[in-house]
Student: 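Take this structure, written in structure tokens, and hold onto it; I'll ask about it next.
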Amino acid sequence: MATQHVIERPAADAAGTCGLVHGLLEAAAADAPDRPAVRDSTGTWTYAELARASEAFSAWLAARGVRPGDRVLVQLPSSRHLTAMFYGTVRSGAVFVPVNPAMKPFHLRSVAADAEPALVVTDAEGVARMPVVTSAPVHDVTEVWATPDAEPGQAGRAAPPPAVAPADVATLIYTSGSTAAPKAVVCPHSAVVFASEALVDVLGYRPDDVVFCRFPMSWDYGLYKVLMTCIARCEIVLADGESDFRLLRRMRETGVTVVPLVPSLASMIVGLARRDSGARPPVRMFTNTGAALPAATIDALRELFPGAHIVRQYGQTEAKRITVMPVDEELDRPESVGRPLPGTEVLVLDEEGRPLPPGETGEIVAHGPHVMGGYWRNPEATARSFRPCPAGCGMRLHTGDYGSKDEDGYLYFQGRRDDMFKRKGFRMSTVEIEGAALDIPGVRAAAALPPDDRHDLTLFVESDLSSRTVIRELMQRLEVAKVPAECRVLSDFPLTQHGKNSRKELAALLEGSR
Ligand code: ASP
């Protein structure tokens, strides 16, 4: 492996939970019981309170017959209780299956059929719709936490946890694949703990940090914040249910220092901060993943939050995070998404699986202890993406994404396989066209749709500029072959449940107007 990195952590505790997801909470509760751990819109729990609540939830599950390996499906917005349910589920040896609170019965039905949960916990509305979704027992979250032994602060009557091994499955994360069928990434305790610890080290989370989490726990970007704050003994503020307009106020009230972003959230924060005359929240670091931040947004964040670092990253749920730009190097290579996670390596391979030299574009392949355990009950998809390393050293994730590395091992992301195409004799990627569009002052979001037999290369932008102006500006930035045939201007971009640009809806928009 190219990089070897030793993460120093306390030795295994008496319960032998080192390398296990709930072991992270046990260690924090032993080490920093009175530090604030998790805050939602109704209050805060310390690490000791969170640990007690998670034990109480384990006891609640045991009383309902949930056994190691069983799946516990939850559809809830983030809250202190959901955090306790996550740790409590994995502590029981069961598998936590969080689904997006906005997921509709159409998709929920296939997720439930795939996961076959032993039990479902949701809110009152969810309880009403679940009978058409699953025959598993469904519990209202208010009923769960009204049970006296599930109240934090009470000693809890949790039986000693069953033996859980690092290779056991901690969680299934459903990803929105390009097909209608649900696909869950199998996340073993060991890989989740490894990735979380490596991220805390490389990002430098500190005990005095307050991390603002706007994302649901059904997305790994949200879920891992819970683990990373626990490892760093700092506090997480759960804000996925907060109204957009209150975001900045909430960041100020809670004194946030770290804000994980996607581009749509970043531009919302910029817009709010520009109109706000109050004191700025003490943000010291923004992190981004999922899609590139427009240069104009980066500049605006730097201007509005002077001194804050803006960290670019690249990842896939299948290996959590693949690269991170070291925090103090963010200005050196503005086009790069960073270096492999400490203790892992990234390869760029040609069609035959041979490593390519620096500067050449090929498939991005990740290798290391962060590579997850494949797709749940989906051997064909697993065999395509998770392949044994030819030298016999574990599994490698074939991401289906394309990019290149420079001489120093920094990665440059160019797009999904589907984003690469040939036009007028040139090979290109939607990512470079979007990058050029985002460089135009006044363009807030951009998505390019590659040509197919129904339409030529088309660009969507969110902007107040006219499409003529956008095309004219693009002509100054791109070779002629790369300039889209058409540019459509929208006042608001359709977004996915995680705040990424919804290509599906854009494609439908285009189809609908033909
Ligand atoms: N897992 C990715 C990351 O955290 C995010 C994603 O899959 O979109 O970088």
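Sequential numbering from 1 along the given sequence is applied to the chain's residues. Both ligands and their constituent atoms are indexed starting at 1 by order of listing. Since the model is a prediction, treat every value here as computed from it, not as a measurement.
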Student: Applying ring pair (Phe, Tyr, Trp, His ring centres under 6.0 Å), can you list everything that pairs with Y87, at least two apart in sequence or on another chain?
Tutor: none
Student: Write out the residue and atom name of the closest protein heavy atom to atom 1 (N) of ligand 1, then the distance separating them to 0.1 Å.
Tutor: D220 OD2, 2.7 Å
Student: In terms of heavy-atom contacts, does CD of E335 have more than 12 from other residues, nucleotides or ligands at under 6.0 Å?
Tutor: no
Student: Any nitrogen or oxygen of Y314, side chain or backbone, less than 3.5 Å from one on ligand 1?
Tutor: no
Student: Is NZ or CZ of K225 both nearer than 6.0 Å to the six-membered ring centre of F215 and within 45° of the ring axis?
Tutor: no
Student: Nearest non-hydrogen contact with atom 9 (O) of ligand 1 belongs to which option: E318, R321, Q316?
Tutor: R321
Student: Quick one: are P117 and V97 in side-chain contact, heavy atoms under 4.5 Å?
Tutor: no
Student: For ligand 1, indicate whether the residue W219 contacts it via side chain, backbone, both or neither (heavy-atom separation under 4.0 Å).
Tutor: side chain
Student: Would you call the rings of Y314 and F413 parallel, tilted or perpendicular if under 30° counts as parallel and over 60° as perpendicular?
Tutor: tilted
Student: Considering residues at least two apart in sequence or located in another chain, which fulfil the salt bridge (charged side-chain N to carboxylate O under 4.0 Å, His left out) criterion with R35?
Tutor: none
Student: Tell me the protein heavy atom at minimum distance from atom 8 (O) of ligand 1, and give that distance in Å.
Tutor: K500 NZ, 2.7 Å
Student: Which is it for T289 and ligand 1 at heavy atoms under 4.0 Å: side chain, backbone, both or neither?
Tutor: side chain
Student: Show the atoms of ligand 1 that are less than 4.0 angstrom away from any heavy atom in T317.
Tutor: 1 (N), 7 (O)
